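Proteins get letters first, then strands, A, B, ... in listed order; numbering begins at 1 in each. Quick caveat: nothing in here was measured; it's all calculated off a predicted structure.
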Number of protein chains: 2
Amino acid sequence: MADTAPRRRSRASAGLPPITAEKIIDAAVELTRERGLDGWSIRQIATRLDVWPGVVAHHVGDREAVVMGVTDRVISRIPVPGEDRPWRDWFRSMMVDGREVLRDYPGVARRLCVVGPNVPSALPTIDTGIRVLLAAGFGAEAPVVYRYLFNTAFTLVAVEDDRRHFPTARADMGRAMAAFAEDDSLPGLAVAGSTARTRGTDPEDIAAQETEFFLFTVERSLDGAEAMLTSR
Amino acid sequence: MADTAPRRRSRASAGLPPITAEKIIDAAVELTRERGLDGWSIRQIATRLDVWPGVVAHHVGDREAVVMGVTDRVISRIPVPGEDRPWRDWFRSMMVDGREVLRDYPGVARRLCVVGPNVPSALPTIDTGIRVLLAAGFGAEAPVVYRYLFNTAFTLVAVEDDRRHFPTARADMGRAMAAFAEDDSLPGLAVAGSTARTRGTDPEDIAAQETEFFLFTVERSLDGAEAMLTSR
DNA sequence: ACCTGAACACCGTTCAAGT
DNA sequence: ACCTGAACACCGTTCAAGT
């Protein structure tokens, strides 16, 4: 790995181009793809760029600033569906496409949920989404409905990210539930256990179950919003 | 603070009682209440107990083990509503009461969502909740509906925790949105901005808005589940 | 302006040695 | 069995000094 390797000679005197903030974020984005947003250090970025750690602070700022830079870049990759789509289609597309992007950069979904519209690249999506809800008849509740749908989908992606960092957690959970299948004293868990038993436990089965639950969550949250329209 | 203070003499020779795993988790729970689950170090726990850092590993294990111990203890404080309650009431109570407990221990909600039924103290709640859904007529879908409702509520609490660690984020978000109130080129954000303008920005206003959005999310998620019953 | 090189005050984990 | 005391391999941040 050689993540920590001291350098010897000045970049300028060696004829190398100067480091820029953009190159630092580039390296941080790539490290985030490989190891997640909490899986790299400022010193590892510096090593990749062949400079000393202080250079990162000089061009970008502290770790927090680097993380925000990465977040903004990743969010900008999420496509914004056309505003002519029916509201349920628009949100389903945005959520499913957003999940695809976010899953490649573990930890960014959590950040997105926490900082929300403070990430500039999220603004076009928010603007279009609220307009779509206005057109659907949500009126003054459009902003809160947007937040509700957005949060429900992407906090779930954040949890999926976290679970990948507990590689055994998924299998443990399945096994723990399955163990209750014949427990008469806990009939609720017994039902969950029977369900768990019928499902596969190898990685691709788990991935398919995750996607299935994500899509279930998306549809339920859309139903929850739709109930606001029909009860008028 | 004196979080790092070396000790001098043997506990045994000083007549002090031996450290136990329970006392270590006690100290960690208290530190979590004060600073959150990511706000303390193994060395700070050791300092509070007047021992060397290695003692924590000896009695409990690594940091992960201490965190799971804290999580289990905090979850055990969440009351389980009576199973005779109508399903919406049962879930509303569990979610609102759970939020009250979890908010006192920042970071635990996130853990709970990630490890789920691997925390032993969560099992009685899961068992009762699934039974309540079975009684309500959700049939084989009871387990997935339980997961959906649980996740929606407590991932939101996890985000609320995170936002408290970005003390400016909340106000920045409000100000950022309000700034779009007269932006004709972004009409969706303009609507959100107008809404943001009418709301207070001091801490207790923010707390009230957080609670309001939490309750909104809870009702919408319950509506989303209820739609599964009415469409049969 | 940009970068080096080092220092500072922290981490979690491990482990031989003492009691 | 329990704890000391130290070592190890890391962190993020800061900053005087060089170019």
When pairs are called at under 3.5 Å and a stem needs at least three consecutive Watson-Crick or G-U pairs, the stems of DNA chain D are C:4-8 with D:12-16, C:12-16 with D:4-8
Phosphate OP1/OP2 of D:dC10 contacted by A:Q44 side-chain N/O (<4.0 Å):
no
Candidate list A:D162, A:D161, A:L37, A:D38, test side chain to side chain contact (heavy atoms under 4.5 Å, CB included), partner A:P106, passing option:
A:D161
If we count only N and O atoms by modelled type, under 3.5 Å, do the side chains of B:S76 and B:S121 hold a donor and an acceptor together?
no
Identify which nucleotide among D:dT14, C:dT4, D:dA7 has an atom closest to any side-chain atom of A:W52, counting heavy atoms from C-beta outward.
C:dT4
For A:P53 and B:I19, take the nucleotide of DNA chain D holding the closest heavy atom to each; which residue's nucleotide lies nearer the 5' end?
B:I19
Name the closest nucleotide to the B:A57 side chain, picking from C:dT14, C:dG12, D:dT4.
C:dT14
Shortest side-chain distance from A:R43, nucleotide among D:dT4, D:dC11, C:dC11
D:dC11
Cut-off 3.5 Å, no hydrogens considered: what does the side-chain donor-acceptor table look like for residues 20-31 of chain B, sequence neighbours left out?
residue: B:T20; atom: OG1; partner: B:K23; partner atom: N; Å: 3.2
residue: B:K23; atom: NZ; partner: B:P18; partner atom: O; Å: 3.3
residue: B:D26; atom: OD1; partner: B:R73; partner atom: NH2; Å: 2.1
residue: B:E30; atom: OE1; partner: B:R33; partner atom: NE; Å: 3.2
residue: B:E30; atom: OE2; partner: B:R33; partner atom: NH2; Å: 2.9

Side chain B:D127, main chain B:L123, donor-acceptor under 3.5 Å
no
List in numerical order all residues of residues 58-65 of chain A for which some heavy atom is under 4.0 Å away from an atom belonging to DNA chain C.
A:H58, A:H59
With respect to the side chain of B:V55, which nucleotide from C:dC3, C:dC11, D:dC3 is positioned closest?
D:dC3
A:R99 to A:F214 six-membered ring, cation-pi geometry met (6.0 Å, 45°)
yes
Of all of residues 22-31 of chain A, which get a heavy atom below 4.0 angstrom from DNA chain D, listed by number?
none
If you round to the nearest 0.5 Å, how far is CD1 of B:I206 from CZ of B:R199?
10.0 Å
Counting only heavy atoms not in B:R77, do more than 12 fall under 6.0 Å of its CZ?
no
Sorted by chain and number, sequence neighbours left out, ring-ring contact (aromatic ring centres under 6.0 Å, His included) with A:F91 holds for A:Y146
Can you see whether A:F216 has A:R220 sitting over its ring - NZ or CZ less than 6.0 Å from the centre and within 45° of the normal?
yes
Could you give the CG-to-P distance, from B:D38 to C:dG12, as a whole number of Å?
11 Å
Give a yes or no answer on whether the side chain of B:W90 reaches the backbone of B:P81 with a donor-acceptor pair at less than 3.5 Å.
yes
Tell me, please, which residues at least two apart from B:Y105 pass ring-ring contact (aromatic ring centres under 6.0 Å, His included).
none
For a quick test of reading the model: is some side-chain N or O of A:S41 closer than 4.0 Å to OP1 or OP2 of D:dG12?
yes
